[in-house]
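The structure under discussion appears below in the form of structure tokens.
To find a chain, count down the sequence lines: A is the first, B the second, and so on, and within it residues start at 1.
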Protein chains: 2
Amino acid sequence: MMDTTTFSALAEPTRLRMVEVLKNGPLSVGEIAEQLGLRQPQASKHLRVLLEAGLVEVEAAANRRNYRLRTEPLQALDAWLEAYRKMWNERFDNLDEYLRHLQSKDKE
Amino acid sequence: MMDTTTFSALAEPTRLRMVEVLKNGPLSVGEIAEQLGLRQPQASKHLRVLLEAGLVEVEAAANRRNYRLRTEPLQALDAWLEAYRKMWNERFDNLDEYLRHLQSKDKE
DNA sequence: TTTAAATATTCCTTGACGGGAATATTCTTA
DNA sequence: TAAGAATATTCCCGTCAAGGAATATTTAAA
């Protein structure tokens, strides 16, 4: 069963934006705060949550701390979704079948 | 940009379990409550959140209300993940490339 | 070694969320 | 129409998360 940690972390709009910004590559706290219009302490606090959720990792570089996105939790999410993908594919197949049915009737 | 509603709804363990149980098909409130060991009011309350998040839909059948999983929000999640799938595929490609590199060195 | 920049942490307050218990609502059936 | 089953809602309470402000910590540079 899927753990809710990833969902909780991403349920906060600011943190979701952080993840999206980090998609383009690692950034320092200051850069993240600037891009999102946050005060530095709030940026640090949210990054801490993301860190504890395993969604980011840190690398200290001199004065700065660079945060990089980790894909593992997202891959887990992806795997969790697998079971549900079957659902909508299945439904699409049904629709597809129905459309074929209509079409064959059309020929008559 | 992805909406956080789906994440919020799934961040609650009980609601996540509800979604997973509903994967097998629609269930009434009472059935859901029973399967998850919940009191009926709590089940109704959580189902309301899922309903407002668009993760389930209801169909009234006599005395009962049958809740069915809706895949749209999950499909949106799936689409959102697409951008990140590229990341880990890319990384895998790099590893792959590296292994090929090692192998070609091996031949020397 | 003092100063300054970058980042993390703490304290405080407020608002949202979840559970429990009781009650209201809806629909069926006698 | 009254009674009962299934479900929804309300009220209360405790907890927790998030923002603001201030401060601590770490590291570089003068």
Side-chain angles (χ1 to χ4, degrees), chain A residues 1-22 24-70 73, chain B residues 1-22 24-70 73:
Chain A
M1 212 239 292
M2 174 86 185
D3 185 47
T4 56
T5 312
T6 304
F7 289 128
S8 298
L10 299 178
E12 214 288 325
T14 300
R15 287 195 292 267
L16 183 58
R17 286 166 59 205
M18 283 182 164
V19 166
E20 296 183 338
V21 160
L22 288 174
N24 306 318
L27 291 174
S28 70
V29 177
E31 291 167 330
I32 295 172
E34 190 195 1
Q35 292 209 24
L36 302 188
L38 299 174
R39 304 177 196 276
Q40 174 269 317
Q42 326 301 333
S44 284
K45 281 192 259 189
H46 281 301
L47 284 167
R48 185 177 223 276
V49 176
L50 290 176
L51 186 64
E52 285 172 355
L55 278 160
V56 298
E57 58 190 7
V58 211
E59 189 190 9
N63 228 1
R64 315 269 181 83
R65 308 197 80 202
N66 294 312
Y67 283 82
R68 176 195 307 270
L69 194 58
R70 288 186 72 248
Chain B
M1 213 239 288
M2 175 86 183
D3 185 47
T4 57
T5 312
T6 304
F7 288 128
S8 299
L10 300 177
E12 215 287 326
T14 300
R15 286 195 292 267
L16 184 58
R17 285 167 58 204
M18 283 182 164
V19 166
E20 295 182 339
V21 161
L22 288 174
N24 306 319
L27 291 175
S28 71
V29 176
E31 292 168 331
I32 296 172
E34 190 194 1
Q35 292 210 22
L36 303 187
L38 299 174
R39 304 177 195 275
Q40 175 269 317
Q42 327 301 333
S44 286
K45 283 193 258 188
H46 281 301
L47 284 168
R48 184 178 224 278
V49 176
L50 290 176
L51 186 64
E52 286 171 355
L55 277 160
V56 299
E57 58 190 6
V58 211
E59 188 188 8
N63 229 359
R64 315 268 181 84
R65 307 197 82 203
N66 293 312
Y67 284 82
R68 176 195 307 270
L69 194 57
R70 287 186 72 246

- Please state how far atom CZ in Arg39(B) lies from atom C1' in dA22(C), giving the value in whole angstrom units. 13 Å
- Message: dA6(C), OP1 or OP2 - any side-chain N/O from Arg65(A) closer than 4.0 Å?
- Response: no
- Query: Closest heavy-atom contact between Leu50(B) and Ala9(B)?
  - Reply: CD2-CB, 4.2 Å
- Nearest to the side chain of His46(A), which nucleotide is it out of dA21(D), dA8(D), dA18(D)? dA18(D)
- Query: Looking at Ser44(A), does any N or O in its side chain come under 4.0 Å of the phosphate oxygens OP1/OP2 on dT9(C)?
  - Reply: no
- Item | Short side-chain N/O contact to dT9(C) OP1/OP2 from Arg48(A), under 4.0 Å | yes
- Task: Please step through side chain to side chain contact (heavy atoms under 4.5 Å, CB included) for the pair Asn66(A) and Leu27(A), ending with a clear verdict.
- Result: CA-CA 5 Å; Asn66(A) 294 312; Leu27(A) 291 174; over 6 Å; no
- Phosphate OP1/OP2 of dA6(D) contacted by Tyr67(B) side-chain N/O (<4.0 Å): no
- Item | Value in whole Å for how far the P atom of dA18(D) lies from CG of Leu38(A) | 13 Å
- Query: Any idea which heavy atoms bring Ser28(A) and Arg64(A) closest together, and the distance?
  - Reply: CB-CD, 4.2 Å
- Message: So if I take every side-chain heavy atom of Gln42(A) and compare against dG19(D), dT9(D), dA8(C), which nucleotide ends up nearest?
- Response: dG19(D)
- Would you mind reading off the distance between Leu36(A) atom CG and dG19(D) atom P, rounded to a whole angstrom? 12 Å
- Query: Is Arg70(B) reaching over with its side chain to a backbone N or O of Gly54(B), donor-acceptor style, under 3.5 angstrom?
  - Reply: yes
- Message: What is the distance, to the nearest angstrom, from the CD atom on Glu34(B) to the C1' atom on dT7(D)?
- Response: 16 Å
- Task: Return the value, rounded to whole Å, for the distance between atom CG of Asn63(B) and atom P of dT29(C).
- Result: 8 Å
- Query: Within less than 4.0 Å of OP1 or OP2 of dT7(D), is there a side-chain N or O belonging to Ser28(B)?
  - Reply: yes
- Find which nucleotide of DNA chain D each of Gln40(A) and Ala62(A) is nearest to by heavy atoms, and output the residue with the more 5' nucleotide. Gln40(A)
- Side-chain atoms of Glu12(A) come closest, of dA8(C), dG19(D), dC11(D), to dG19(D)
- Note on the structure: When rounded to whole Å, the CD to C1' distance for the pair Glu52(A) and dA8(C) reads 13 Å
- Would you say a side-chain N or O of Arg64(A) is under 4.0 Å from OP1 or OP2 of dA5(C)? no
- Message: Between C1' on dA6(C) and CG on Leu47(A), what's the gap in Å once rounded to a whole number?
- Response: 13 Å
- Query: In Å, rounded to the nearest 0.5 Å, how long is the span from CD of Glu52(B) to OG of Ser8(B)?
  - Reply: 12.5 Å
- Whole-Å gap separating P (dT23(C)) and NZ (Lys45(B)): 15 Å
